[in-house]
Amino acid sequence: MSTPSRVAATLSLAVLLGGGGYWAGMNNLVSSLPFDLAETTLVTPAPIVPTGAIVYYRHPDGLPQFSPAPKNTDDGRTFVAVHASEDVSFDAEAKAPSSTKAADATPTEPAKARILHYRNPMGLPDTSKVPKKDSMGMDYIPVYEGEQSDASTVKVSLGKLQRTGVKTATAEMASVSRKVRVPGTVALDERLVSIISMRTDSFVDDVANVTTGDHIGKGEKLFRFYSREVATAASEYAAGRDGSRGNDDTGSALRLKNLGVPQEVIDGIARTRQVPTSMSYTAPRDGIVLERTAAAGMMAKPGDVLFRIADISNMWVIADVPEYDLASVGIGAKADITIRSLPGRTFHGTVDLVYPEVETQTRTTKVRIELPNPDGMLRANMYADVEIEAGAPNPVVAVPNSAVVDTGDRQVVFIDKGDGKFEPKDVSLGVRGNDTTEIRQGVAAGDKVVVSANFLLDAESNLNSALSAMTEEAKP
């Protein structure tokens with residue numbers, strides 16, 4: 001048989017078989033066939049009907065466009081409604097197949113709380129009523145109804161706690177101390193400075209060989225003088241005309257004291273019963289001659305300064321403490337002083353006085369510190385660097401400095417409540433030390449406080465409070 005004949009025969013057979021099958025189907029003769037034609041038919045599964053309330057509406061083409069209310073596309077097509085059973089779940093359990101969850105669920109399983117909104121995963125003040133992603137591709141986090149009783153309380157998952165580096169410490173009773181570092185100046189002790197002057201008209205006959213800056217001992221001669229008024233009183237004392245000789249508290253002896261005659265001269269007159277032509281004036285204390293104006297042959301009027309002598313065995317350091325540090329500096333506080341011109345040496349003293357005045361221009365207050373100066377190395381007007389021990393000497397409730405979030409208007413400490421919950425507490429601060437801060441109100445000893453990443457918690461707390469306020473306003 002030629003090739004065209006074979007092709008024609010094949011086509012004829014196909015037509016006959018097709019026609020026979022059509023006739024058998026129309027006459028219900030399928031069961032008489034040698035094989036079951038029904039079993040070879042594809043069965044289309046029944047469509048899954050979504051359940052639950054409509055959460056939002058999505059774009060019919062699957063584009064990332066959502067709407068909380070019915071909406072049409074630009075070409076007039078209707079957005080597709082997404083029911084609660086089709087909504088995206090952000091829980092770990094949602095990753096399991098829905099059939100497994102449905103089989104394991106019991107009739108008494110509580111329903112999931114309603115999602116109020118979705119918030120920014122980085123804590124930014126941005127929310128959405130529908131699921132979305134931020135600029136970095138992170139999913140927005142759902143916020144469920146009744147998730148937090150306190151709007152300001154922050155709840156963080158364990159995974160996020162590790163990622164953000166939240167660390168806690170325990171508030172405890174401790175002494176809060178720090179050093180106030182301020183500049184100072186060495187000064188003379190005003191109580192150890194003596195001024196030599198005459199109380200009556202006198203003539204200076206001779207002056208001792210001492211000059212400004214020399215050291216002089218108590219009782220050493222400074223100068224010799226003659227005074228007619230002193231000589232008259234001395235003559236009466238020596239003669240005992242008023243019965244006062246030998247009695248230093250009455251008569252001429254008292255008059256000599258009032259005229260400034262040294263006790264040694266009065267004792268010499270009583271012993272010899274003679275009045276010297278000129279009398280010696282001796283140094284009233286050990287010290288350094290700060291000033292000498294006496295000269296031989298001069299006439300000294302009452303009140304004229306002839307010598308000024310200072311005892312430098314004890315010195316002062318006057319430090320300028322800023323006004324905001326005054327509350328932590330008290331009398332009796334220890335102080336360490338280093339002198340810029342005496343490197344390698346540290347002097348130790350105590351705060352003797354806090355002056356009752358604040359400088360208007362510098363807003364500082366002078367603080368006086370007493371220093372022993374046995375070797376005379378400290379000199380007046382030296383510059384000094386002062387470190388004063390400040391703080392609360394008695395134990396107080398203290399937390400690490402990093403635990404306090406100071407926004408300027410308020411100071412906040414976050415308390416760890418456990419299970420990833422953190423509660424902000426407004427606190428009243430006391431002394432701030434080098435490492436710890438005194439808490440006067442808001443935190444008790446033993447509370448766990450956040451010392452790291454608390455600024456993130458503060459942002460989260462503020463966001464929760466703002467969202468809570470917005471939710472309350474939106475309620476009818």
Side-chain angles (χ1 to χ4, degrees), residues 183-230 256-266 268 276-320 337-345 347 349 352-353 355 366-386:
T185 306
V186 179
L188 295 170
D189 189 339
E190 298 172 354
R191 299 165 297 189
L192 302 180
V193 177
S194 297
I195 294 177
I196 310 303
S197 63
M198 301 306 297
R199 300 182 183 181
T200 183
D201 292 338
S202 305
F203 292 91
V204 178
D205 291 338
D206 186 25
V207 181
N209 187 24
V210 292
T211 59
T212 302
D214 288 342
H215 184 275
I216 193 169
K218 181 179 181 180
E220 291 186 20
K221 186 183 73 170
L222 291 175
F223 59 89
R224 295 183 64 84
F225 70 94
Y226 170 77
S227 171
R228 183 176 62 180
E229 188 174 357
V230 172
L256 289 173
K257 282 187 176 181
N258 292 337
L259 291 174
V261 178
Q263 185 63 41
E264 294 81 1
V265 176
I266 297 176
T277 304
S278 60
M279 301 179 183
S280 296
Y281 202 107
T282 58
R285 65 170 70 247
D286 291 337
I288 302 297
V289 177
L290 300 179
E291 182 180 0
R292 168 188 162 165
T293 59
M298 69 174 291
M299 179 180 180
K301 294 289 185 181
D304 290 347
V305 177
L306 301 180
F307 282 90
R308 193 160 64 93
I309 302 173
D311 184 356
I312 62 171
S313 61
N314 195 71
M315 301 292 284
W316 287 350
V317 172
I318 307 299
D320 297 321
I337 295 94
T338 55
I339 305 299
R340 301 179 185 180
S341 58
L342 299 174
R345 293 194 60 179
F347 299 86
D352 179 59
L353 177 67
Y355 285 76
K366 295 187 179 301
V367 173
R368 189 175 74 197
I369 302 166
E370 288 195 15
L371 284 180
N373 185 33
D375 54 1
M377 295 299 295
L378 296 176
R379 294 177 172 85
N381 301 319
M382 280 182 165
Y383 284 111
D385 294 318
V386 183

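Values below: every heavy atom of this structure, side chains too, minus hydrogens, waters and symmetry copies. We count residues from 1, following the sequence as given.
For the residue pair Ala384 and Val317, the shortest heavy atom distance occurs at CB-CG1, 4.4 Å.
For Glu220, the side chain to side chain contact (heavy atoms under 4.5 Å, CB included) partners two or more places apart in sequence, or in a different chain, are Ile216. Contacts of Arg368 classified as salt bridge (Lys or Arg N to Asp or Glu O under 4.0 Å), with partners at least two apart in sequence or in another chain: Asp352. Here Phe223 pairs with Tyr281 under the ring pair (Phe, Tyr, Trp, His ring centres under 6.0 Å) rule; sequence neighbours left out. For Asp385, the side chain to side chain contact (heavy atoms under 4.5 Å, CB included) partners are Thr338, Arg340, not counting sequence neighbours. For Thr212, the side chain to side chain contact (heavy atoms under 4.5 Å, CB included) partners are Arg292, not counting sequence neighbours. Partners of Asp320 according to the side-chain hydrogen bond (donor to acceptor under 3.5 Å, both in side chains) rule, which considers only residues two or more places apart in sequence or in another chain, are Lys366. Qualifying side-chain hydrogen bond (donor to acceptor under 3.5 Å, both in side chains) partners for Ser227, counting only residues two or more places apart in sequence or in other chains: none. Arg345 pairs by the salt bridge (Lys or Arg N to Asp or Glu O under 4.0 Å) definition with Asp375, not counting sequence neighbours. Legend: residues meeting salt bridge (Lys or Arg N to Asp or Glu O under 4.0 Å) with Glu264, ordered by chain and number and at least two apart, are absent.
For the atom pair CH2 (Trp316) and OG1 (Thr185), the distance works out to 14.0 Å, reported to the nearest 0.5 Å. Rounding to the nearest 0.5 Å gives a distance of 3.5 Å between CZ of Arg224 and OG of Ser280.
Between Met279 and Phe225, some side-chain heavy-atom pair lies under the 4.5 Å cut-off.
A side chain to side chain contact (heavy atoms under 4.5 Å, CB included) with Phe347 is found for one member of Val186, Leu342, Val386 and no other, namely Leu342.
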Item to check | Verdict with reasoning, Val367 to Leu353, per side chain to side chain contact (heavy atoms under 4.5 Å, CB included) | outcome: CA-CA 6 Å; Val367 173; Leu353 177 67; over 6 Å; no

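The list of salt bridge (charged side-chain N to carboxylate O under 4.0 Å, His left out) pairs with a residue in residues 277-286, not counting sequence neighbours, is empty.
Heavy atoms from other residues, nucleotides or ligands lying under 6.0 Å from OH of Tyr383 number 12 at most.
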Pair up each side-chain donor or acceptor in residues 295-315 with any protein partner under 3.5 Å, not counting sequence neighbours, and list the distances.
from	atom 1	to	atom 2	distance (Å)
Asp304	OD2	Lys301	N	2.8
Arg308	NE	Glu291	OE1	3.4
Asp311	OD1	Ser313	N	3.0
Asp311	OD1	Ser313	OG	3.0
Asp311	OD2	Ser313	OG	3.4
Asn314	ND2	Asp189	OD2	3.4

List the atom pairs, donor and acceptor, that lie under 3.5 Å between side-chain atoms in residues 202-211 and the rest of the protein, sequence neighbours left out.
from	atom 1	to	atom 2	distance (Å)
Ser202	OG	Thr200	O	3.0
Thr211	OG1	Asp214	OD2	3.0

